[in-house]
Novice: 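What follows is a structure written as structure tokens; I'll ask about it next.
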Amino acid sequence: MKIEDKIDAFNSLLRRRGFIWGPSPEIYGGLAGFYSYGPAGKAMKNNVLSLFRRELRAYGFYEVECPEIMPKKVWEASGHLERFIDPVFRCKKCDTMVRADKFLQDRLPDELSDGLSFEEMENLVKKHGLGCPKCNTSFERVEKYNLMLQTSVGSGVIAYLRPETATTTYLLFNRLNQDARRQYPIKVFQYGKAFRNEISPRQLVLRMRAFDQFEIQLFIGKEQELNYEEYNEINENIIPLLDWKSQESKIGFPNKISLKEAVDNGILKKQAFAYCIYLGYHLASKLGFPEEKIRLRQHSPQEMAHYADDAWDLEINTEQFGWVEICGIHDRTDYDLKRHGEYSKQNFEIPMGTDSSSKEVPQILEIAFGPDRIIYTLLETTFNIIDERIVLNLNPILAPNYVAVFPLVRNKKSILNLAKDVHKLLLQHRITSFFDTAGSIGKRYRRQDELGTPYCITIDYDSLDDNSVTIRDRDTMEQKRVLISEILNSIDNK
RNA sequence: GCGCUUGUAGUAUAGUGGUAAUAUGCUGGCUUCCCAAGCCAGCGUCCCGGGUUCAAUUCCCGGCAAGCGCACCA
């Protein structure tokens with residue numbers, strides 16, 4: 001089968017089986033960049049979140065939740081108001097829009113063009129007679145394109161929908177610090193919606209205007225960053241790292257080395273940051289991505305965000321969109337807390353090191369996941385067509401249905417009733433069981449294959465006599481016969 | 001945001017200036033039915049707005065949306 005055909009089959013499955021629908025609202029034609037999840041997609045997302053929450057609790061992280069709307073001041077302090085507004089030239093004739101600073105850098109490489117004011121940029125185009133690359137109409141004014149969505153609260157107070165959850169977590173710092181009782185690092189995470197007014201959203205849920213973030217934060221002292229106890233527990237782990245120097249040498253594949261090697265060779269500067277790389281990789285592995293489809297790619301200094309000292313993307317190799325970032329791991333230094341301390345006139349200096357008389361503003365290390373991208377990449381990388389049979393080889397605990405129960409035939413009351421009993425038994429144990437009687441037995445297996453259901457249980461004539469059923473495995477299609485009393489044990493250990 | 005292409009049942013597509021079709025799907029029935037079997041019956045579609053026309057799903061204009069390319073993606 002050709003790859004394009006496989007991708008077409010996959011894209012239609014997303015809709016057919018209720019994973020992802022949109023752009024929403026579909027009945028009104030849709031608004032670009034907004035998608036909904038159907039029952040299967042939402043169930044799967046919830047399973048991903050449960051797995052993350054369980055893992056993070058085991059690593060000592062606690063969850064917080066903050067408002068999605070914050071006043072202007074917050075975004076002034078965070079730097080988003082300044083940095084999230086792109087200066088653009090817009091052609092008066094054909095509406096072509098170009099990013100002003102990049103355009104000038106490209107046309108006038110000899111001029112100093114970094115950090116120019118709007119006025120200076122306007123003077124430059126006038127001086128050199130620069131104009132629209134399409135129709136050559138001269139550019140005049142620099143306009144702002146704000147990537148943040150603005151709203152007003154109450155009687156006209158300007159506020160913005162958060163472009164990331166992270167900043168809202170940082171605003172809790174003094175509360176968290178009290179709560180943590182001097183146990184550092186402070187480890188928290190926040191899951192929630194973020195909003196960005198993308199110029200042209202594309203690629204399904206990979207670039208939405210309203211999307212989920214799952215952002216993990218460590219507030220940590222400078223001393224502890226370099227000498228971090230938990231690092232010693234994980235530094236033997238082998239991680240596929242692609243640093244930016246390798247990328248500059250046109251090397252496209254990651255170097256599989258231990259974190260210890262990476263730190264010792266200076267690829268990673270800080271033990272605590274290496275721990276974050278580990279944690280990001282660990283969580284991605286737990287989801288069940290094939291090992292060869294994961295890599296960690298370092299940003300070049302030019303690529304890095306305004307707040308970052310080091311940044312790595314955890315990427316998944318997809319057929320439709322190439323390497324897709326599902327997680328960004330950033331060393332945000334003390335940038336955020338310094339700025340918020342300054343703008344709010346709070347003192348965020350605290351003693352964190354061995355010398356309790358010396359105070360410092362905490363450093364922040366961040367592991368930022370995009371759950372929507374996780375859902376897409378998980379579905380795509382586990383989607384297979386084997387001899388015309390479509391199957392999602394999802395990690396069983398992430399599947400929308402954990403089991404499905406079928407009566408072999410439905411016109412035989414005793415079989416139907418026993419099947420219902422088995423289904424109810426599973427539900428009583430809060431196992432996500434799905435009951436289906438429609439169509440042939442083969443068709444029912446195929447329906448569940450498309451949803452990634454790991455186990456299908458069929459009740460047949462023999463079941464009436466011997467109280468046993470067949471459990472059919474999604475991946476091997478093999479069936480084994482077990483007693484009804486043994487079902488729970490049998491489907492538990494995968 | 002610009003350019004090109006596109007928009008027809010839930011999904012995938014065909015087709016037409018006189019309101020439409022194929023496959024699949026879905027619902028019900030029959031068939032003792034373990035990997036998309038068969039038979040019968042039924043359900044469901046022309047993105048939105050305006051224009052031209054006796055008549056528009058079809059032609060024209062605008063909008064919205066999608067794919068690709070450019071730009072954008074702190």
Side-chain angles (χ1 to χ4, degrees), chain A residues 4-5 7-9 11-18 21-34 38 75 78-86 88-91 93-100 102-103 106 132-135 143 145-148 163-164 166-167 196-204 206-209 299 302-308 311 320 325 328 330 386-391 406-412 414-415 437-450 456-464 469-474 477-479 481:
Chain A
E4 300 84 68
D5 293 345
I7 288 173
D8 287 346
N11 288 335
S12 117
L13 175 89
L14 292 181
R15 287 194 156 75
R16 276 193 299 119
R17 287 294 176 218
W21 290 325
S24 303
E26 286 189 279
I27 60 166
Y28 290 106
L31 189 57
F34 297 92
W75 309 112
S78 72
H80 285 90
L81 208 50
E82 186 189 346
R83 307 301 285 253
F84 246 60
I85 292 180
D86 287 337
V88 294
F89 287 118
R90 187 195 296 273
C91 176
K93 205 167 166 188
C94 70
D95 268 346
T96 291
M97 205 165 72
V98 297
R99 176 87 181 260
K102 294 207 172 179
F103 175 74
D106 183 48
C132 172
K134 284 260 165 60
C135 68
E143 292 175 32
Y145 188 89
N146 192 347
L147 252 28
M148 280 198 294
E164 62 167 17
T167 285
R196 294 181 192 180
N197 196 13
E198 296 283 354
I199 293 174
S200 68
R202 272 186 200 187
Q203 303 181 323
L204 250 51
L206 297 188
R207 262 176 82 195
M208 289 195 283
R209 287 178 166 142
H299 283 201
Q302 295 80 30
E303 196 180 352
M304 253 176 317
H306 62 278
Y307 49 68
Q320 190 163 206
E325 174 196 354
H330 305 116
I386 305 158
D387 299 329
E388 305 281 301
R389 173 175 160 258
I390 290 176
V391 56
F406 312 136
L408 182 63
V409 296
R410 65 167 159 176
N411 58 356
K412 184 103 178 166
S414 48
I415 289 180
T437 65
S440 72
I441 191 71
K443 178 167 269 184
R444 284 176 266 164
Y445 285 144
R446 298 299 168 92
R447 284 195 195 109
Q448 295 305 312
D449 286 341
E450 290 191 338
C456 293
I457 295 174
T458 300
I459 286 75
D460 60 17
Y461 295 94
D462 293 341
S463 306
L464 299 173
V469 298
T470 55
I471 300 182
R472 178 263 200 184
D473 184 279
R474 177 196 67 197
M477 292 172 72
E478 278 167 12
Q479 299 177 8
R481 192 104 199 148

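Letters go in sequence order (proteins before strands), and every chain restarts at 1. Note that the coordinates shown come from a computational prediction; the quantities given were computed from them, not determined experimentally.
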Novice: Do A:N11 and A:Q320 make a side-chain contact, defined as non-hydrogen atoms from C-beta onward lying under 4.5 Å apart?
Specialist: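 Answer yes - side chains close enough.
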
Novice: Answer with base, sugar-phosphate or nothing: what part of the nucleic acid does A:R447 contact at a heavy-atom distance below 4.0 Å?
Specialist: sugar-phosphate

Novice: Going by the rule side-chain hydrogen bond (donor to acceptor under 3.5 Å, both in side chains), which residues pair with A:R389 if we only count those two or more places apart in sequence or in a different chain?
Specialist: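 Once residues adjacent in sequence are excluded, the partners of A:R389 under the side-chain hydrogen bond (donor to acceptor under 3.5 Å, both in side chains) criterion are A:D449.
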
Novice: Can you give the dot-bracket line for RNA chain B, using ( ) for pairs inside the strand, [ ] for pairs that cross earlier ones, | for pairs with another strand and . for unpaired bases, where Watson-Crick and G-U count if both distances are under 3.5 Å?
Specialist: (((((((..((((....[..))))((((((.......))))))...(((((..]....))))))))))))....

Novice: For nucleotides B:C4 and B:A9, find the distance between their P atoms and express it as a whole number of Å.
Specialist: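 My reading of the P atoms in B:C4 and B:A9 gives 26 Å.
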
Novice: Compare side-chain N and O positions of A:N411 against OP1 and OP2 of B:C30 and report whether any pair is under 4.0 Å apart.
Specialist: no

Novice: Check each of A:R17, A:K443, A:R15 against A:E450 using the salt bridge (Lys or Arg N to Asp or Glu O under 4.0 Å) test, and report the only one that passes.
Specialist: A:R17

Novice: On a whole-Å scale, what distance lies between the P atoms belonging to B:A37 and B:G25?
Specialist: 8 Å

Novice: Taking atom types as they are modelled, would you say the side chain of A:Q479 forms a donor-acceptor pair with the base of B:C34 within the 3.5 Å cutoff?
Specialist: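 Per atom types, the contact qualifies.
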
Novice: Any side-chain N or O of A:K443 below 4.0 angstrom from OP1/OP2 of B:G25?
Specialist: yes

Novice: What distance, rounded to whole Å, do you find between the two C1' atoms, one in B:C72 and one in B:G3?
Specialist: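 My reading of the C1' atoms in B:C72 and B:G3 gives 15 Å.
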
Novice: Measure from the side chain of A:R196, starting at C-beta and using heavy atoms only, and say which of B:C34, B:A71, B:A74 lies closest.
Specialist: B:A74

Novice: Suppose we screen for side-chain hydrogen bond (donor to acceptor under 3.5 Å, both in side chains). Which residues come up paired with A:S200, at least two apart in sequence or across chains?
Specialist: none

Novice: Say we look at B:G15 and B:C46: how far apart would their C1' atoms be, to the nearest angstrom?
Specialist: 11 Å

Novice: Roughly how far apart, to the nearest Å, are B:A65 and B:C47 at atom C1'?
Specialist: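 That atom pair is separated by 8 Å.
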
Novice: Output a table of nitrogen or oxygen pairs between the protein and nucleotides 40-47 of chain B separated by less than 3.5 Å.
Specialist:
none

Novice: How do A:H330 and A:G442 order along RNA chain B: which one's closest nucleotide is nearer the 5' end?
Specialist: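 Taking each residue's closest nucleotide, the earlier one in sequence belongs to A:G442.
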
Novice: What nucleotide among B:C35, B:A74, B:A65 has an atom nearest to a side-chain atom of A:E164?
Specialist: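 In terms of side-chain proximity for A:E164, the closest of B:C35, B:A74, B:A65 is B:A74.
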
Novice: Which pair of non-hydrogen atoms, one from A:P23 and one from A:L31, has the smallest distance, and what is that distance?
Specialist: CB-O, 3.4 Å

Novice: Any base atoms under 4.0 Å from A:E450, or only sugar-phosphate, or nothing? Heavy atoms, all strands.
Specialist: base

Novice: Could you list all N or O pairs between the protein and nucleotides 10-12 of chain B that sit under 3.5 Å apart?
Specialist:
{"unit_1": "B:U11", "atom_1": "O2'", "unit_2": "A:S12", "atom_2": "OG", "d": "3.1"}

Novice: With sequence neighbours left out, write down each residue that passes side-chain hydrogen bond (donor to acceptor under 3.5 Å, both in side chains) with A:Q479, or none if nothing qualifies.
Specialist: none

Novice: Are OP1 or OP2 of B:A74 and a side-chain N or O of A:R83 less than 4.0 angstrom apart?
Specialist: no

Novice: Toward the 5' end of RNA chain B, which comes first, A:Y28 or A:T458, by nearest nucleotide?
Specialist: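 Nearest-nucleotide comparison on RNA chain B picks A:T458.
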
Novice: Among B:U27, B:A65, B:C73, find the nucleotide with the atom closest to the side chain of A:A438.
Specialist: B:U27

Novice: In whole Å, what separates the C1' atom of B:C61 from that of B:U52?
Specialist: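 About 11 Å, rounded to a whole number of Å.
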
Novice: Does any N or O donor sit under 3.5 Å from an N or O acceptor when you compare the side chain of A:S440 with the base of B:C33?
Specialist: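 Answer is no: no donor-acceptor pair is held.
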
Novice: For the residue pair A:H80 and A:P163, what are the closest heavy atoms and their distance?
Specialist: CD2-CG, 3.8 Å

Novice: What's the closest nucleotide to the A:V409 side chain, out of B:A66, B:U32, B:A36?
Specialist: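 Of B:A66, B:U32, B:A36, B:U32 is nearest to the side chain of A:V409.
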
Novice: If you only use heavy atoms from C-beta on, which nucleotide in B:U27, B:C34, B:C70 is closest to the side chain of A:R202?
Specialist: B:C70

Novice: So, applying side chain to side chain donor-acceptor pair (under 3.5 Å) with A:R481, which one of A:T470, A:D462, A:D460 is it?
Specialist: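 Exactly one candidate clears the test, A:D460.
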
Novice: In whole Å, measure the gap between the C1' atoms of B:U45 and B:U13 for me.
Specialist: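 To the nearest whole Å, 12 Å.
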
